[in-house]
Protein chains: 2
Amino acid sequence: MALEHAILVSLLEKPGSGYELARRFERSIGYFWTATHQQIYRVLKRMVGDGWIDVHEVAQQGRPDKKEYSVAAPGREALSQWLHEPVEPESIRHDLAVKIRGAAFDDPAVLIREVERHHRVHSERLAHYLAGERRDFTGPGAAGTLDAGRELQHVVLRGGIAYERMTLDWLDDVLATLHRIHGPEAGG
Amino acid sequence: MALEHAILVSLLEKPGSGYELARRFERSIGYFWTATHQQIYRVLKRMVGDGWIDVHEVAQQGRPDKKEYSVAAPGREALSQWLHEPVEPESIRHDLAVKIRGAAFDDPAVLIREVERHHRVHSERLAHYLAGERRDFTGPGAAGTLDAGRELQHVVLRGGIAYERMTLDWLDDVLATLHRIHGPEAGG
DNA sequence: TTTACCATGTAAGTGGTTACATGATTAG
DNA sequence: CTAATCATGTAACCACTTACATGGTAAA
């Protein structure tokens with residue numbers, strides 16, 4: 001499991017509340033990891049209990065108070081230890097691939113609409129990632145002058161971009177295949 | 001959840017035992033879905049209870065008896081219904097991406113070895129997929145003469161191949177980035 | 001006789017999802 | 001007055017992993 005470690009990395013990059021972490025998991029960190037606020041609050045509580053992170057209440061004006069979390073020494077140590085352990089290269093788990101093979105036993109036309117829908121979603125994600133890249137990693141301060149942390153954030157983002165591009169190409173391939181096996185029988 | 005549906009598709013392609021399903025999940029279906037035998041036996045039991053699949057004991061010579069499962073009418077119906085429902089386009093969940101961002105707060109040299117290890121694993125997977133493609137989808141019977149089921153299996157396999165190639169390219173990018181931020185300081 | 005493969009399961013624990021619940025502030 | 005955003009949590013359930021457990025056959 002790595003949610004604890006993802007939280008540690010995020011808090012090292014910038015301390016924040018559970019709510020803020022949840023928002024980050026919807027955005028930049030969500031390129032490669034997702035977590036809901038319920039999950040985050042539960043883990044945060046455990047991490048405080050384990051002494052990995054510190055909390056302090058922050059009063060705000062015009063907003064509810066929040067608890068700001070930051071990484072404590074044992075948390076940094078735990079992260080370092082995890083970074084030294086190997087993790088399993090993970091496999092993809094695609095509902096859509098199951099559906100594609102299932103289409104052999106059902107109407108492929110239904111699947112065509114589903115694949116087109118996925119294509120739209122992945123196009124939007126790609127556009128979103130590219131916008132983030134333009135915003136955060138181009139212009140003044142780019143081209144070799146970034147610090148290590150930003151370089152690493154950028155290479156992770158490039159991974160997300162490569163993933164979306166590959167997926168879009170593959171979905172085109174899937175659509176062409178579906179039309180090939182469906183079209184001749186049903187007239188396109 | 002789609003483990004039930006993945007099992008239905010697999011049993012429609014060819015009836016088999018829980019053990020055989022587990023092996024298939026390590027191989028072809030494992031390109032996009034994983035499941036252990038414990039999980040499969042549990043789900044199989046539930047599916048029999050729900051009337052989605054039928055069992056019959058098969059005596060074998062030189063081997064333990066097995067229970068062969070095949071899809072029943074309600075199972076086919078359930079699969080069809082699922083195929084007509086939209087599924088969420090899923091996001092990647094990469095421990096390695098967490099580690100890469102975490103490397104900003106630790107020794108990047110450790111991460112270089114980890115990334116190289118992942119590179120080797122993905123190279124092996126790619127070689128394995130390509131061997132499967134040569135074995136099952138080339139030679140006599142290929143080039144437009146495949147039936148729909150095999151065409152669909154092939155396009156899913158091409159997805160696995162594309163994923164591995166993209167991942168290898170990205171891991172090269174990660175390594176280059178790590179050397180860039182680490183090399184100048186440590187002379188590596 | 002040891003290893004590998006065939007074959008099926010239980011039990012305990014962990015992690016993740018969904019639903020429920022509260023309450024303040026700001027903008028329309 | 002309504003909706004959106006900020007902010008934090010509990011409870012129940014479900015999926016998945018890991019460890020344990022059994023027992024037969026075939027090949028080295």
Side-chain angles (χ1 to χ4, degrees), chain A residues 1-8 11 15-27 29-30 32-50 53 55-69 82 85 87-95 98, chain B residues 1-7 10-11 15-27 29-30 32-50 53 55-69 82 87-88 90-95 98:
Chain A
M1 228 283 341
L3 179 54
E4 278 104 327
H5 304 106
I7 288 175
L8 286 171
L11 289 179
S17 68
Y19 186 86
E20 283 160 357
L21 283 169
R23 300 225 60 195
R24 290 183 210 172
F25 273 89
E26 281 172 13
R27 297 156 142 273
I29 306 175
F32 55 83
W33 202 271
T34 57
T36 57
H37 78 272
Q38 293 90 335
Q39 222 181 319
I40 289 166
Y41 285 123
R42 193 159 14 95
V43 171
L44 242 20
K45 202 175 208 174
R46 185 171 69 229
M47 289 170 80
V48 171
D50 293 344
I53 53 176
V55 214
H56 67 122
E57 295 255 343
V58 177
Q60 300 182 116
Q61 65 265 68
R63 287 180 179 188
D65 295 356
K66 66 173 181 180
K67 296 180 185 171
E68 193 167 78
Y69 296 91
W82 178 71
E85 285 164 15
V87 292
E88 275 306 295
E90 44 229 298
S91 309
I92 8 154
R93 187 169 272 215
H94 264 314
D95 285 55
V98 178
Chain B
M1 229 277 352
L3 178 54
E4 279 104 325
H5 305 106
I7 287 174
S10 192
L11 290 178
S17 69
Y19 186 86
E20 283 160 358
L21 282 170
R23 301 227 60 197
R24 290 183 210 171
F25 274 88
E26 280 171 13
R27 298 157 141 273
I29 306 175
F32 54 83
W33 201 271
T34 58
T36 58
H37 78 272
Q38 293 91 334
Q39 220 181 321
I40 289 166
Y41 285 123
R42 192 158 15 93
V43 172
L44 243 19
K45 202 176 209 173
R46 185 171 68 229
M47 289 169 80
V48 171
D50 293 344
I53 52 177
V55 214
H56 66 122
E57 295 254 343
V58 176
Q60 300 182 113
Q61 65 264 68
R63 287 178 179 189
D65 296 356
K66 67 174 182 180
K67 295 180 184 170
E68 193 166 78
Y69 296 91
W82 178 71
V87 291
E88 275 306 294
E90 43 229 300
S91 309
I92 8 154
R93 186 170 274 215
H94 264 314
D95 286 54
V98 179

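Bear in mind that the values here come from a model prediction, so they are computed numbers and not experimental data. A, B, ... follow the sequence lines: proteins, then strands. Residue 1 opens every chain.
- Taken from CD1 in B/Ile40 to CD in B/Glu4, the straight-line distance is 12.0 Å, to the nearest 0.5 Å.
- Between the NE2 atom of B/His56 and the P atom of C/dA7 there is a distance of 14 Å, rounded to whole Å.
- For the atom pair NZ (A/Lys66) and NE2 (A/His56), the distance works out to 8.5 Å, reported to the nearest 0.5 Å.
- In this structure, OH of A/Tyr69 is placed 13 Å from P of D/dA7, rounded to the nearest angstrom.
- Rounded to whole Å, the distance from CG on A/Leu44 to P on D/dT8 is 9 Å.
- In this structure, A/Gln39 CD and A/Ile7 CD1 are separated by 8.0 Å, a value rounded to the nearest 0.5 Å.
- Helix-axis bend for the helix from C/dT1-D/dA28 to C/dG28-D/dC1: the local axis fitted to the five terminal pairs at one end deviates from that at the other end by 30°, rounded to 10°.
- Atom CD of B/Glu20 is separated from atom P of C/dC6 by 9 Å (rounded to the nearest Å).
- Rounding to the nearest 0.5 Å places CZ of A/Arg42 at 13.5 Å from CE of A/Met47.
- In this structure, CD of B/Glu4 is placed 13 Å from C1' of D/dC16, rounded to the nearest angstrom.
- Put simply, CE on A/Met47 is 18 Å from C1' on D/dG9, counting in whole angstrom units.
- An OP1 or OP2 oxygen of C/dC6 is reached within less than 4.0 angstrom by no side-chain nitrogen or oxygen of B/Ser17.
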Would you list the protein and nucleotides 1-6 of chain D atom pairs, both N or O, that sit under 3.5 Å from each other?
{"from": "D/dC6", "atom 1": "OP2", "to": "A/Tyr19", "atom 2": "OH", "distance (Å)": "2.8"}
{"from": "D/dC6", "atom 1": "OP2", "to": "A/Arg23", "atom 2": "NH1", "distance (Å)": "3.3"}

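- Phosphate proximity of D/dG9 to A/Tyr41: absent, as no side-chain N or O sits under 4.0 Å from OP1 or OP2.
- For A/Gln61 and A/Thr34, each mapped to the nucleotide of DNA chain C holding its nearest heavy atom, the one lying further toward the 5' end belongs to A/Thr34.
- The shortest distance between the side-chain N/O atoms of A/Lys67 and the OP1/OP2 oxygens of D/dG9 is below 4.0 Å.
- A distance of 10.0 Å separates CH2 in A/Trp33 from NE2 in A/His5, rounded to the nearest 0.5 Å.
- With a 4.5 Å cut-off on side-chain heavy atoms, B/His37 and B/Tyr41 count as touching.
- The two residues B/Leu11 and B/Gly16 have their closest heavy-atom pair at CD2-N, 3.6 Å.
- Checked by atom type and distance alone, the side chain of A/Glu85 never pairs as donor or acceptor with a backbone atom of A/Trp82 at under 3.5 Å.
- Between B/Arg24 atom CZ and C/dC6 atom P there is a gap of 13 Å when expressed in whole angstrom units.
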Step by step, would you call A/Leu44 with A/Leu21 a side chain to side chain contact (heavy atoms under 4.5 Å, CB included)? CA-CA 10 Å; A/Leu44 242 20; A/Leu21 283 169; 4.0 Å; yes

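- At whole-Å resolution of the value, CD in A/Glu68 and C1' in D/dT8 are 15 Å apart.
- Residue B/Lys45 places its side chain closer to C/dT10 than to any other of C/dA7, C/dT10, D/dG9.
- Of the possible polar contacts, none joining the B/Glu57 side chain to the B/Asp65 backbone as a donor-acceptor pair under 3.5 Å is found.
- The closest donor-acceptor contact from the side chain of B/Glu90 to the backbone of A/Asp95 lies under 3.5 Å.
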Atom pairs, N/O to N/O, protein against nucleotides 18-20 of chain D, distance under 3.5 Å?
{"from": "D/dA19", "atom 1": "N6", "to": "B/Gln38", "atom 2": "NE2", "distance (Å)": "2.9"}

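- A/Lys45 contributes atom NZ, which lies 12.5 Å from atom CD1 of A/Ile53 (distance to the nearest 0.5 angstrom).
- Position along DNA chain C of the nearest nucleotide to A/Val43 versus A/Gly62 favours A/Val43 as the more 5'-ward residue.
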